[in-house]
Structures are given as C-alpha cells and as structure tokens.
Amino acid sequence: MPRRYWLMKTEPDVYSIDDLERDGVTCWEGVRNYQARNNMMAMSVGDEVLIYHSNAKPPGVVGIARVVREAYPDHFQFDPGSRYFDPKSDPENPRWYMVDVAFVKKFDRVVGLPEIKADPELADIQLVRHGRLSVQEVKPAEFRRIKKLARKK
DNA sequence: GCCAACGTTGGC
DNA sequence: GCCAACGTTGGC
C-alpha cells in the first residue's frame, strides 16, 4: 500500500501547528462532515498530512504531520458538554471518527493560499477547487510541490 | 462583517 | 425523492 497524502485544516485560534508541536501527538477530533470523515477513514499509519491554517492571516499551509493511529470513534460526539456533541449519533454505530497525528515539521514560512492559487502546478488541488472541505486528499506531486514552495525565498 | 458556496434538514 | 430553508465554512 503506497503512502497517501492529505491536507487537514485547522483554525489556529483553536488549534495551531504550534500547539501540535508542543503536544507532539494529538487526536484530530471534531470533523463533522461525511466527506472529510471518509477521507480520515481512508488514512493509514505513516501517511503524511499538510497542516493548513484557515481563518488565519494569511491562510495557508504551515507544516507537516504524520498519521500515527488509524480512524477510531470520536468520543466527543457522545459528550453533551462538548461543542462536537451529536445527539443523533448511536454509540453502537458511531457516526464520527478521528485519527491521531504526530508533529513532523513546521515550515520556515507559510505557503499562502494566494500563492497556491497562482501556482500552475497546483491548479487542480482540491483546496482551490473544493475550498471548504476540511480533510482532503493531496496528490503526491502536489505534496512535493508545496514542500518545495515552503523552502523558497 | 459580508456573503458565496455548499452541505444538511425536514416538510410535502 | 424533491427542494426550500437554514446553517456553516472560510476567504476577503
């Protein structure tokens, strides 16, 4: 099974790449969109993940993480005190899953969304074409390209 | 703060 | 199963 590549969004005010660096490993809870969930369920240990800061100035890719635990039920869906509580989810058949990811690196500079949009090699990236999805698959060439852009300047 | 895009809900 | 209403995302 070849390694796959992903992009996951987070709002830095809520959980940033610096928080991930501090924590080392974190569970990626709170994904409440079926397509995003399905992407998490397709992840394997060892897959690499671009970390994207949304609602940030500037929005963009800020670093890399690695999947260290494959999808398992997100227990926050059963916690009435959690903002991620889902009263419609059945504990016998959980609706929402999460993965664990580990910090790999923080880029020396943010690869901003305008730069990604302007790059011909990234013209088909889902981030541009289906902007709102919070967990996306990234093609190997796109992953390499963003890593390369992060080294520029 | 605005609003376009788009996913979800629920009446019928 | 359609689709209008509604809620959320997220760039600007």
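Within every chain, numbering begins at 1; the chains are lettered A, B, ... in the order of the sequence lines, protein sequences first and strands thereafter. Side chains included, hydrogens not; waters and symmetry mates left out as well; all remaining heavy atoms used. What you see is a predicted model; the values in this text were computed from it and never measured.
The distance from atom CG of A/Leu133 to atom C1' of B/dA5 is 13 Å, rounded to the nearest whole Å. Spacing between atom CG of A/Asn38 and atom C1' of B/dG7 amounts to 14 Å, rounded to whole angstrom units. Atom CG in A/Asn55 sits roughly 13 Å away from atom P in B/dG1 (whole-Å rounding). Between the CG atom of A/Leu127 and the C1' atom of C/dG10 there is a distance of 11 Å, given to the nearest Å. Between the P atom of C/dG7 and the CZ atom of A/Arg83 lies a distance of 17 Å, rounded to the nearest Å. Spacing between atom CD1 of A/Ile116 and atom C1' of C/dG11 amounts to 13 Å, rounded to whole angstrom units. In this structure, the CG atom of A/Leu113 is 6 Å from the P atom of C/dG11, given to the nearest Å. We find that OH of A/Tyr34 is positioned 11 Å from C1' of B/dT9, with the value rounded to whole Å.
Between C/dT9, C/dG11, B/dT8, one nucleotide has an atom nearer to the side chain of A/Arg132 than all others, and that is C/dT9.
The phosphate of C/dG11 (OP1 or OP2) has a side-chain N or O of A/Tyr52 nearer than 4.0 angstrom. Between A/Lys9 and C/dT9, a side-chain N or O to OP1/OP2 separation shorter than 4.0 Å is absent. Note on A/Lys88: a side-chain N or O is less than 4.0 Å away from OP1 or OP2 of B/dG10. At the phosphate of C/dC12, OP1 or OP2 sits under 4.0 Å from a side-chain N or O atom of A/Lys117.
Between A/Arg129 and A/Arg95, the residue anchored closer to the 5' end of DNA chain B is A/Arg129, taking for each the nucleotide with the nearest heavy atom.
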Where do A/Trp28 and A/Asp100 land on the side-chain hydrogen bond (donor to acceptor under 3.5 Å, both in side chains) test, with the steps shown first?
CA-CA 6 Å; A/Trp28 206 262; A/Asp100 288 354; over 6 Å; no
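Residues A/Glu121 and A/Arg144 are not paired through a salt bridge, judged by the lack of any N-O separation under 4.0 Å between the basic side chain and the carboxylate. In this structure, A/Arg151 does not pair ionically with A/Asp108, as no charged nitrogen and carboxylate oxygen lie closer than 4.0 Å. Comment: A/Arg95 does not engage A/Asp90 in a salt bridge, judged by the lack of any side-chain N to carboxylate O separation of less than 4.0 angstrom.
The heavy-atom pair separating A/Pro94 from A/Tyr97 by the smallest distance is O-CE1, 3.5 Å.
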